[in-house]
Amino acid sequence: MKKLLLAAVLAGLTTTAAAQTSLYGLADAYFGHTSGKTSTNQVSAGGMSTSHIGIKSVEQVGPYQASVVLETFLRPDTASTGRFNGDAFYARNAYVSLGSKVGEVQLGRVTTPYFISTVAFNSFGDSFVFSPMVTQRFGVTNFNLAAGGVDSGWNNSVLVKTKAGGLSVTGVYSAGVVDDATGTKQAGKSVGAMYFGGPI
């Protein structure tokens, strides 16, 4: 009887508001010329930012906001998905979440706090072409994770974030991070904090 009552209450809550779904993205391509032993012209993707397309669906459930986010990387120069050949289709983000005024919990593939703090305070943003900070930490020859690069997102994760005033704190636990250099499966943990307030 209790389970039936709980199901009825949840069904009543979910009918109070309709889900709002949005489609969004960014396309980035550039033309470049290299000189030296072999002088070449090329058109390539993701000069200042990695191209992507995403779908987000949000529904208000009582005091909570339930969301589903699915985002895939794109390479407009070759009409391919992913950052590189063999990349997972929803490699940018793929999670479900439940949030309120005090914070949010995300389950699935999530972006790590370390990547967010790197690009938030980097004059080149998330450029894997022109930013030494991003390429040295997160990519070997532009996202070549198999060659020892570190991924900007983790699979099989629980992400918890909260914000109070100008301070935001995010923590992630992943039950299945794969060490990109060796292919060894291991648990991952990451905590990040950022402060934005006035002139600071």
Side-chain angles (χ1 to χ4, degrees), residues 3-29 45-46 48-76 78-84 86-120 125-126 128 138 143 145 151-164 167-178 188-194 196:
K3 289 182 181 178
L4 186 60
L5 181 60
L6 179 61
V9 169
L10 289 175
L13 286 174
T14 58
T15 58
T16 58
Q20 300 290 322
T21 303
S22 57
L23 177 67
Y24 54 91
L26 179 144
D28 183 309
M48 289 306 295
S49 188
T50 310
S51 301
H52 63 275
I53 189 167
I55 300 169
K56 183 174 185 177
S57 188
V58 179
E59 183 170 354
Q60 200 67 32
V61 182
Y64 303 103
Q65 183 172 284
S67 303
V68 176
V69 174
L70 299 170
E71 298 173 336
T72 186
F73 289 109
L74 300 171
R75 287 174 283 167
T78 60
S80 304
T81 59
R83 298 163 289 181
F84 51 87
D87 197 13
F89 188 77
Y90 289 119
R92 190 170 194 261
N93 276 306
Y95 62 82
V96 295
S97 70
L98 192 62
S100 69
K101 292 179 180 178
V102 296
E104 182 182 13
V105 177
Q106 300 174 356
L107 302 173
R109 179 174 173 84
V110 299
T111 304
T112 63
Y114 185 56
F115 183 73
I116 296 297
S117 63
T118 300
V119 301
D126 65 342
F128 274 75
F138 292 99
F143 303 110
L145 304 180
D151 206 348
S152 58
W154 285 357
N155 295 330
N156 307 313
S157 298
V158 178
L159 180 146
V160 178
K161 62 182 174 181
T162 187
K163 186 174 181 181
L167 178 67
S168 62
V169 179
T170 304
V172 178
Y173 172 77
S174 172
V177 171
V178 174
K189 302 169 203 71
S190 178
V191 177
M194 293 192 293
F196 295 92

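Predicted, not measured: the structure shown is a model, and the values here were computed from it.
- Between the side chains of Asn93 and Thr111, a donor-acceptor pair is found at a separation under 3.5 Å.
- With hydrogens and angles ignored, the 3.5 Å screen pairs no side-chain donor or acceptor of Ser49 with any backbone N or O of Asp126.
- Of the residues listed (Val172, Val105, Thr112), the one engaging Leu159 in a side chain to side chain contact (heavy atoms under 4.5 Å, CB included) is Val172, and it is the only one.
- Atom CD of residue Glu59 and atom CG of residue Leu98 lie 11.5 Å apart, to the nearest 0.5 angstrom.
- In this structure, the side chains of Ser190 and Pro113 come closer than 4.5 Å at one or more pairs of heavy atoms.
- When each of Arg92, Arg109, His52, Lys56 is tested with Glu71 by the rule side chain to side chain donor-acceptor pair (under 3.5 Å), just one qualifies, namely Arg92.
- With no hydrogens or angles considered, no side-chain donor-acceptor pair links Ser51 and Asp28 at under 3.5 Å.
- Proximity of a side-chain donor or acceptor of Arg75 to a complementary backbone N or O of Thr81 within less than 3.5 Å is detected.
- Considering only heavy atoms from C-beta on, Met194 comes within 4.5 Å of Ile116 through its side chain.
- In this structure, Phe73 and Asp87 approach most closely via the heavy-atom pair CD1-OD2, 4.0 Å.
- Shown here for Thr72 and Gly82, the closest heavy-atom pair between the two residues is OG1-N, 4.5 Å.
- When every heavy atom of Ser157 is checked against every heavy atom of Val110, the shortest pair comes out as CB-CG2, 3.7 Å.
- Going from atom OG of Ser152 over to atom CZ of Phe115 covers 4.5 Å, rounded to the nearest 0.5 Å.
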Could you walk me through whether Gln106 and Lys161 pass the side-chain contact (heavy atoms from CB on, under 4.5 Å) test, one step at a time? CA-CA 9 Å; Gln106 300 174 356; Lys161 62 182 174 181; 3.9 Å; yes

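- Checking side-chain atoms of Ser67 against main-chain N and O of Ser97 turns up no donor-acceptor pair under 3.5 Å.
- For the pair Thr162 (side chain) and Val169 (backbone), a donor-acceptor distance under 3.5 Å is absent.
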